[in-house]
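See structure below.
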Amino acid sequence: MLLGKRKKVSVDIPMASLPDIVFLLLIFFLVTTTIDAEKGLDLVLPPPDATEQEIAKKNLINLLVNAAGDVLLDGELVEIRDITRIIKERIQDSPLLVVSLKTDKQTRYDVYIDVIDRLKKAWGDRPARISIAEPEEN
Amino acid sequence: MKFERKTKISTAIPTASLPDIIFMLLIFFMVATVFKQFSGLKVSLPDAELVKKIPGSKRHVVTIWIDKNNQVVCDDYKVDNVINLRNVLYEKRVKDPQMIIAMKVDKEAPMGIVNEVEQEARKANALRINYSAIPGVL
């Protein structure tokens with residue numbers, strides 16, 4: 001028996017439209033990609049209660065912010081814009097300075113961010129030593 | 001005066017490598033795309049001067065939204081009771097030890113809820129946080 005091929009069928013995949021398909025995919029990924037990097041102030045929270053560490057009293061500054069946005073620095077009322085200058089002076093005296101930041105329940109978040117921003121500015125390029133204190137129950 | 005061209009130079013741009021170039025672009029966008037976008041809550045972020053890009057890939061970022069009505073949303077999960085947040089964050093941190101929490105908090109939100117969320121994050125040992133802010137000048 002002779003089973004000859006009747007026709008020669010071309011088995012090539014047409015490649016002419018490949019760039020068009022790839023272009024479509026490219027446009028899809030271009031549109032869905034969001035390049036906007038999230039920006040913000042980074043901070044490391046103090047570890048959970050079990051690993052509390054002692055800090056010498058002279059290296060610690062207590063910073064309290066109340067609901068009205070007033071700032072109490074070691075018991076003294078200061079203007080928000082003076083924080084950077086005061087902390088900078090204190091860092092020069094004691095480089096291991098830690099700022100303990102405590103806020104009221106009703107303190108506005110933007111005041112808090114403003115204070116953190118100014119504290120970080122005092123440290124400049126070095127990592128800021130800010131600790132978020134647990135609020136007291138009232 | 002009449003000038004005559006001495007040589008005939010072909011002015012056609014070679015398009016044979018066009019698909020290859022498009023493929024390269026396509027692969028770049030495919031790799032750079034992260035398909036994870038939760039709309040979260042509507043917040044107006046505060047502005048700060050020392051904003052930095054969140055280090056590393058967006059894949060490690062867990063976003064917590066807090067709006068001015070004390071509503072909390074963590075990625076795709078609506079947090080009704082802040083205490084539940086501890087388990088959610090703990091599980092996420094076990095899956096991804098490099099996790100960073102991006103806090104998108106409304107300017108007018110009170111610090112009470114923000115502190116509660118931070119305490120839960122501490123207990124889940126998720127200590128790296130980033131307060132999302134808009135770059136501005138003090």
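Chain letters run A, B, ... following the sequence lines, proteins first, then strands; residues in each count from 1. The figures that follow rest on heavy atoms only: side chains count, while hydrogens, waters and symmetry mates do not.
With chain A as the partner, the residue from B:Leu127, B:Val114, B:Ile22 showing the most heavy-atom pairs under 4.5 Å is B:Leu127. Options A:Thr107, A:Leu25, A:Ile132 differ in how many heavy-atom pairs under 4.5 Å they form with chain B, and the most are formed by A:Thr107. Listed options A:Gly40, A:Pro46, A:Ala67 were ranked by heavy-atom pairs under 4.5 angstrom with chain B; first place goes to A:Gly40. Taking B:Glu108, B:Lys68, B:Arg128 one by one and counting their heavy-atom pairs under 4.5 Å with chain A, the maximum is reached by B:Glu108.
A 4.5 Å side-chain heavy-atom check between A:Val65 and A:Arg108 finds every atom pair outside the cut-off.
When the side-chain contact (heavy atoms from CB on, under 4.5 Å) test is applied to A:Leu96, the partners found at least two apart in sequence or on another chain are A:Asn59, A:Arg129. The side-chain contact (heavy atoms from CB on, under 4.5 Å) check on A:Glu79 picks up A:Arg81, A:Asp82, with sequence neighbours excluded. In this structure, the salt bridge (charged side-chain N to carboxylate O under 4.0 Å, His left out) partners of B:Lys78, at least two apart in sequence or on a different chain, are B:Asp80.
The closest side-chain donor-acceptor pair between B:Tyr131 and A:Tyr112 falls under 3.5 angstrom.
Looking at A:Leu43, both its backbone and its side chain come within 4.5 Å of chain B, counting heavy atoms on both sides. With a 4.5 Å cut-off on non-hydrogen atoms, A:Ile27 does not touch chain B at all. Contacts between B:Ala126 and chain A at a heavy-atom distance below 4.5 Å involve the backbone alone (N, CA, C, O).
When all heavy atoms of A:Asp93 and A:Pro95 are compared, the closest pair comes out as O-CD, 3.9 Å. The two atoms that bring B:Tyr77 and B:Val88 nearest to each other are CE2-CG2, 3.6 Å, heavy atoms only.
With respect to the salt-bridge test (charged N to carboxylate O, under 4.0 angstrom), the residues A:Arg90 and A:Asp74 qualify.
You'll find the ring centres of B:Phe29 and A:Phe28 outside the 6.0 Å limit.
By a heavy-atom distance cut of under 4.5 Å, B:Ala102, B:Met103, B:Lys104, B:Val105, B:Asp106 are the residues of residues 96-106 of chain B near chain A, going up by number.
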